[in-house]
> 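First, the structure itself, so that you have it in front of you.
Naming convention: chains lettered A, B, ... in sequence-line order (proteins, then strands); numbering from 1 in each chain.
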Amino acid sequence: MTAPLDIERIRADFPILQTRLHANRVEGGVPLAFLDNAASTQHPRQVIQTIVRVFEHDYANVHRGIHSLSERSTELYEAAREQARAFINAADGTEIIFTRGTTEGINLVARSWGDSHLHPGDEILLTEMEHHSNLVPWHQLAARTGAIVRFVPITVDGQLVVDALDSLLTERTKIVALTHVSNVLGTINPVEAIIEKAHSHGAIVVIDAAQSVPHLVTDVQAMHCDFLAFSGHKMLGPTGIGVLYGRRELLETMPPFFGGGGMIRRVGLGGYEPGDLPAKFEAGTPPIVEAIALGTAIDYLQRLGLEAIHAHEVALGQLAYDRLSAIQGVRLLGPGPRRKSGIISFTLDGVHSHDVAQVLDHHGVAVRAGHHCTMPLHKRLGIAASVRASFYLYNTPEEIEQFAGAVNRVKHLFARKH
Amino acid sequence: MSLDEDLYQERILEHFEQPFHRGHCPAATHMHEDDNPLCGDVVRLELAVDRAGVIQDAYFSGEGCCISQAAASMLVEKITGRRVDELKGFAAKDMLQLFGAPLTPNRQKCCLLGWRVLQQALYSPVNRA
């Protein structure tokens, strides 16, 4: 077990957390409580410094360059791939494809594996809690191939009805794609059990790990998943960089997704021969500096330890749960705090989520309001929108109090006459 | 705190909690409905326009945030008794001015939903075939 987090020391690494908001309108400003981490996280100095250092000292295009800077950039870029491999315990570096993010990773699988394997009447099994990025690519794949999309239902408290898989999985099921952690409910899905069931029916499994890899220890070999996608910007890294993990046997047989430079062995006027893994899936100049900075972010997370980070988030989630459930009119979505990650979403009776988020912002609290790219989930829950607070390693109990206090303020602002 | 009261001022909360003409217009000659799918705000306008082109009666319905619903209420109050050809020139900036409170670009969309619906409704006579 790793040591608990030293939050004060961690916060000193994140310049943006010192921000005071509304300084033009409120004397001295309002301290920022950044609780929008499920959308995107902030960056420690170490990551920012990597970006600056690479641009100032090491930058050139990667691969095939003979000159020193190109060799240096290539070395750093490939070192980041190795860091990503170790972070999720992939067997081999060639199984790590750098992408722009989770969305591109899922689209890559849908286009490359999906287009070459699906036939009319085949089935793609998703869940009712998926983010649009794990819905739309499959709807598109179904439209291209004549496949059918089906859904694993959820319970009223936002957990998958795992038993439903026994009837939903058939020999027609070719792909099961689901999120490891819900971006709204915070539910941690039992992916290992689902993967085992899916494999017993011959389906491949794609894991949307955007909300899990930044917060939980991930071991793709123990999980036995076929594909797993995540984004750098939700784990202290920059935007524009993500990782698609794929099992080597699958990646080797798949056609390239994007065509262009870098992904070929040779090109003639009549056609091309694709290159080896992972280059086959990395056409064009990749996000070089972003990848290297993601390596620094991974290093930062590993130094603190994912177990300690998760424990910290669960504790904050418990405190938020206690405070919010004491406010009349607050309806919390998803399971109780012990069974999920540091995400808490809710509605407040009689007040639209945008009004809640607006008032929270006045009090320095950054949360997200709306459907969080999960319109089907919100429909299933019978609501148009919700407010989501999501925690990370640098958040404090004081910020949770600031958050809960601001929610109370919303309630009173809108209940003057009742 | 003043930031809360700047936006959610008495006048706006009044319109939200006790809206002007929320409901339906039985004699409607013009109507339109639209939404903002990003936040789920919906506004529907039903107008009774007489032969002279004057709005004799106007109602709104829908659901959504305080800003969208209060703005729709203010708008319905404003347009009742006004001429259609005059309202066709009622611009977005006029709506923001009518609303009064300072809005960030994202919240301007909430405020302007009802105005957008009005501009469509003025050209959308009800088919009474």
Side-chain angles (χ1 to χ4, degrees), chain A residues 20-31 36 132 347-379 381-388 402 405-418, chain B residues 1-20 22 33-44 60-75 95-96 99-117:
Chain A
R20 297 185 78 86
L21 300 167
H22 312 302
N24 57 335
R25 293 168 70 191
V26 178
E27 181 70 31
V30 184
D36 192 20
H132 295 167
T347 60
L348 179 59
D349 287 352
V351 189
H352 191 277
S353 66
H354 280 192
D355 294 316
V356 177
Q358 181 89 59
V359 176
L360 260 52
D361 175 69
H362 294 164
H363 296 267
V365 182
V367 295
R368 195 143 286 253
H371 53 59
H372 322 297
C373 292
T374 57
M375 288 177 99
L377 172 63
H378 278 72
K379 191 166 184 200
L381 298 171
I383 53 179
S386 60
V387 183
R388 176 184 72 190
Q402 184 181 348
V407 175
N408 258 310
R409 173 78 186 121
V410 181
K411 191 175 151 57
H412 290 113
L413 188 67
F414 280 88
R416 308 159 308 152
K417 295 205 192 93
H418 302 308
Chain B
M1 185 195 297
S2 68
L3 283 173
D4 293 343
E5 274 110 40
D6 276 358
L7 176 55
Y8 297 102
Q9 43 189 262
E10 202 62 28
R11 188 175 64 93
I12 291 166
L13 289 173
E14 287 282 348
H15 272 282
F16 180 59
E17 286 165 2
Q18 287 158 346
F20 177 84
R22 177 186 274 282
E33 177 179 314
D34 205 352
D35 66 351
N36 183 349
L38 270 183
C39 49
D41 291 347
V42 181
V43 168
R44 177 185 181 83
F60 83 99
S61 53
E63 58 186 353
C65 69
C66 171
I67 308 299
S68 70
Q69 302 302 301
S73 171
M74 290 177 191
L75 182 65
M95 181 66 227
L96 293 171
F99 188 76
L103 293 169
T104 57
N106 266 325
R107 298 318 295 280
Q108 287 186 4
K109 288 179 199 139
C110 306
C111 174
L112 293 173
L113 174 59
W115 168 81
R116 205 149 46 83
V117 172

> Do you know which of A/V359, A/L413, A/D355 makes side chain to side chain contact (heavy atoms under 4.5 Å, CB included) with B/C66?
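When A/V359, A/L413, A/D355 are each tested with B/C66, the side chain to side chain contact (heavy atoms under 4.5 Å, CB included) holds only for A/D355.
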> Where on A/H22 is there a heavy atom nearer than 4.5 Å to chain B: the side chain, the backbone, both, or neither?
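Just the side chain, heavy atoms under 4.5 Å.
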> Report the C-alpha distance between A/H362 and B/L7 in whole Å, list the side-chain angles of each, state the deciding distance to 0.1 Å, and finish with yes or no for side chain to side chain contact (heavy atoms under 4.5 Å, CB included).
CA-CA 10 Å; A/H362 294 164; B/L7 176 55; 4.2 Å; yes
> Is any NZ, NE, NH1 or NH2 atom of the basic residue among B/E5 and A/R25 found under 4.0 Å from an Asp or Glu carboxylate oxygen of the other?
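The answer is no: the pair does not qualify as a salt bridge.
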> How about A/R368: does its CZ atom have over 12 heavy atoms from other parts shown lying under 6.0 Å from it?
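Atom CZ in A/R368 is not packed in, count stays at 12 or less.
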> Please step through side chain to side chain contact (heavy atoms under 4.5 Å, CB included) for the pair A/H363 and B/D4, ending with a clear verdict.
CA-CA 9 Å; A/H363 296 267; B/D4 293 343; 2.7 Å; yes
> Heavy atoms only: give me the nearest A/H352-B/G64 pair and the separation to one decimal.
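What the structure gives for the nearest pair is CD2-C, 3.5 Å.
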> Measure the CG-CD distance between B/N106 and A/Q358 for me, rounded to the nearest 0.5 Å.
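B/N106 CG to A/Q358 CD: 9.0 Å, rounded to 0.5 Å.
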> Using non-hydrogen atoms only, which part of B/I67 is less than 4.5 Å away from chain A: side chain, backbone, both, or neither?
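Contact with chain A involves both backbone and side-chain atoms of B/I67.
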> If you compare all heavy atoms of B/C65 against all heavy atoms of A/H354, which two are closest, and at what distance to 0.1 Å?
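Of all heavy-atom pairs spanning B/C65 and A/H354, the closest is CB-CB, 4.4 Å.
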> So, taking the atom named CZ in A/F414 and the one named CZ in B/F16, what distance separates them when rounded to the nearest 0.5 Å?
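Rounded to the nearest 0.5 Å, the CZ-CZ separation comes out at 6.0 Å.
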